[in-house]
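It should be emphasised that the depicted structure is a prediction, and the values quoted were computed from it without experimental measurement. Residue numbers begin at 1 in each chain, while the letters A, B, ... track the order of the sequences.
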Number of protein chains: 2
Amino acid sequence: MKKTSLNDIAVELGVSKTLVSLVLNGKGREHRISEKVCKKVIAKAKELNYQPNQIAKGLRTGKTNTIGLIIADIANPFFGKLGREIENEASKHGYRVMFCSSDEKAEKSKQQIEVLQQGLVDGFIISPPTGSEEQILKLEEAKIPYVLVDRFFPEIDSNYIVVDNFLAAYDATQHLIKEGYKKIACVTINDKLVNMSQRLEGYKKALADANIEVAESRIKTLPFSHEKDDVLLAVTELAGGAEKADAVLFTTSKVGVMGLECIHSLGLQVPGNLAVVSFDDPDAYRISNPPVTAIAQPLKEIGSRSVKILMDLMNKRKGKKNPQQVMLKTNFVERSSSKK
Amino acid sequence: MKKTSLNDIAVELGVSKTLVSLVLNGKGREHRISEKVCKKVIAKAKELNYQPNQIAKGLRTGKTNTIGLIIADIANPFFGKLGREIENEASKHGYRVMFCSSDEKAEKSKQQIEVLQQGLVDGFIISPPTGSEEQILKLEEAKIPYVLVDRFFPEIDSNYIVVDNFLAAYDATQHLIKEGYKKIACVTINDKLVNMSQRLEGYKKALADANIEVAESRIKTLPFSHEKDDVLLAVTELAGGAEKADAVLFTTSKVGVMGLECIHSLGLQVPGNLAVVSFDDPDAYRISNPPVTAIAQPLKEIGSRSVKILMDLMNKRKGKKNPQQVMLKTNFVERSSSKK
DNA sequence: TGACTTTGTTAAATCGGTTTAGCAAAGCTA
DNA sequence: TAGCTTTGCTAAACCGATTTAACAAAGTCA
């Protein structure tokens with residue numbers, strides 16, 4: 001039993017498929033289709049359980065009602081939660097979401113964007129990996145609607161939604177200083193992305209403003225593709241030796257979660273031996289013992305606003321609009337991992 | 001500048017689009033297109049950066065190369081990780097994934113399945129919520145390829161991949177008994193799903209087999225849509241009073257994470273005051289202090305096998321095959337939250 | 001009554017591919 | 001040289017919707 005098509009209804013009722021299409025799209029009145037015929041069509045459509053083929057519709061109208069979401073990894077709770085917010089907001093606008101995990105690899109995100117661009121989505125929400133500038137520029141040239149989230153490229157005039165990473169790192173570091181910590185370390189990633197560099201800058205600036213010398217040995221920059229061993233090495237170095245730290249700022253939750261695991265496995269007391277503050281706020285930080293002070297990102301707002309901006313871009317064909325570039329505040333969640 | 005179509009290439013070269021299509025689909029040789037012309041077409045396609053429109057292709061061939069993934073919530077790390085495995089495996093087969101979070105609501109999953117069924121996907125991987133039997137039966141009738149994961153309906157002869165929930169709960173409870181715990185509680189959810197009921201049954205059977213009376217007061221069944229307050233109440237009751245428990249089994253990580261948060265906020269020592277074992281193994285359990293004993297599910301295997309089964313269903317039109325019903329073993333990860 | 005409107009409906013083009021059926025020219029056989 | 005085969009290519013149908021342009025019939029006006 002095949003699915004019923006527009007034509008099936010038309011044939012059964014002995015009318016044209018134009019008429020059926022018009023009626024079912026609510027354009028009956030507008031096109032002066034008689035009340036009687038309208039009802040007949042609607043009734044038959046219901047009887048045959050007619051569901052329009054979205055592919056055919058998409059081909060004709062050039063709209064898919066789908067947005068492509070390119071993020072690093074849907075298994076990472078940060079992106080999982082963001083993805084969920086995006087899904088929710090998109091759904092309110094009648095849109096679906098195709099998701100792709102790029103693993104922060106430019107080549108992978110390039111492939112994904114290229115495939116989805118082949119008529120599969122109407123626009124993109126992208127968390128662009130390092131080195132994907134070219135791909136973003138191509139979207140710009142092709143006038144494909146897109147919004148960047150979490151990071152952006154200063155040299156490209158995109159629409160984006162990010163948080164104030166510099167300020168967040170600055171405030172977090174200052175918090176540790178105020179609590180009385182002096183030897184504050186930072187564990188970050190070797191990533192050229194502006195959000196990462198800003199976090200490091202914020203950390204450095206806070207130390208400098210408090211007249212604390214920035215000890216390069218307390219800045220641990222992990223390889224771009226970092227594993228637990230890399231983190232363990234960093235934490236071990238910070239835990240002992242001449243450059244021993246009394247507090248640490250983790251610049252992502254991925255690093256932070258691995259870091260805490262290492263801290264625990266080394267038998268270090270938090271915050272006694274080492275105070276901890278981390279970017280992002282996964283569930284884990286609430287049930288860690290002690291709970292971990294976190295720099296929470298407004299994921300709900302990032303998600304809903306990015307979708308709204310994208311909808312604007314997709315619906316309004318009014319030439320080039322001024323790009324929307326939003327910088328939100330993070331939410332500092334003070335917990336006991338950073339108390340003196 | 002519009003995207004180049006098949007026809008553009010055909011016109012530029014003065015050949016038919018049939019020829020172009022055949023050549024670009026690697027059927028040139030098969031259809032005796034001359035070597036020279038083949039090369040010309042391929043060169044021109046590259047020159048114009050031709051990307052076939054997947055929508056048009058999909059309309060004609062009836063294939064979308066997309067699978068629909070219906071899960072409870074992509075923000076839940078359990079489903080996030082599962083989603084990622086599914087994405088990876090699907091990608092190996094040239095498939096994309098459209099994801100939908102149903103929030104365990106049958107009505108929502110019904111809508112989502114219905115929409116995706118309108119030509120948007122070739123098949124489904126579904127974690128069906130309570131009450132969605134009817135929807136699954138409809139898929140069965142319509143002969144839409146689908147695979148259930150995490151749960152299934154005993155009365156419907158579906159393809160599915162689940163874990164042995166009874167055994168997992170049995171073993172976990174037995175572990176607690178062996179460690180010397182006597183007053184073992186279980187915090188679960190009021191959900192008719194077979195996976196949930198089997199977890200409870202496994203727990204009860206282990207107690208019975210050890211000649212420990214099953215105290216109904218130590219079985220806390222949370223509302224279907226449970227919030228932290230519900231968990232807090234349950235944990236508080238288990239922590240004190242006449243029915244005080246010395247160990248607890250959480251039947252999902254969502255409950256477990258909330259439960260641990262409550263345990264910590266009540267100032268209870270783990271495992272001193274209350275030992276803990278939980279289904280699932282989110283990151284949080286590794287960095288919790290002490291780390292939490294977990295019943296880890298083989299998400300990688302669930303993901304890859306569900307996709308493989310789905311691929312089989314989609315590719316082989318050889319009538320009705322015997323349903324593949326797979327029951328995998330969980331992986332018990334003993335950590336210090338359950339040691340005496 | 002002839003011209004003009006309005007009403008109700010439809011044929012056909014279109015989106016961009018895939019696929020079927022077949023045709024013209026060249027080569028080969030007898 | 002008639003007839004058959006092979007080679008190389010194409011016209012047209014098709015997938016299932018939307019949309020444009022138009023047409024017949026009925027009603028209105030002068």
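A search for ring-ring contact (aromatic ring centres under 6.0 Å, His included) contacts involving F99(B) returns F99(A), not counting sequence neighbours.
The stretch residues 36-62 of chain A touches DNA chain C through V37(A), L59(A), R60(A), each having a heavy atom within less than 4.0 Å of the strand.
The main-chain N or O of S158(B) is found under 3.5 Å from a side-chain atom of Q325(B) such that the two form a donor-acceptor pair. In this structure a side-chain-to-backbone donor-acceptor pair under 3.5 Å is missing from N25(B) to K27(B).
Atom NZ of K39(B) has 12 or fewer heavy atoms from other residues, nucleotides or ligands within 6.0 Å.
Heavy-atom nearest nucleotides on DNA chain D were determined for T4(A) and for R32(A), and the one closer to the 5' end corresponds to T4(A). The nearest heavy atom of DNA chain C to I33(A) and to K17(A) marks one nucleotide each, and the one closer to the 5' end goes with I33(A).
The side chain of S21(A) lies closest to dT18(D), out of dT18(D), dG8(C), dT19(C).
Among the atoms of the strands shown, base atoms are found under 4.0 Å from some heavy atom of T18(A). Counting any heavy atom pair closer than 4.0 Å across all strands shown, K63(A) reaches no nucleic acid atom.
Regarding L19(B), its CG atom lies at a distance of 17 Å from the P atom of dT20(C), rounded to whole Å. Atom P of nucleotide dT14(C) and atom CG of L6(B) are separated by 17 Å, given to the nearest angstrom.
Electrostatic pairing of R151(A) and E104(A) counts as a salt bridge here, judged by a charged N lying under 4.0 Å from a carboxylate O. Under the 4.0 Å criterion applied to side-chain N and carboxylate O atoms, K138(A) and E141(A) are not assigned as salt-bridge partners.
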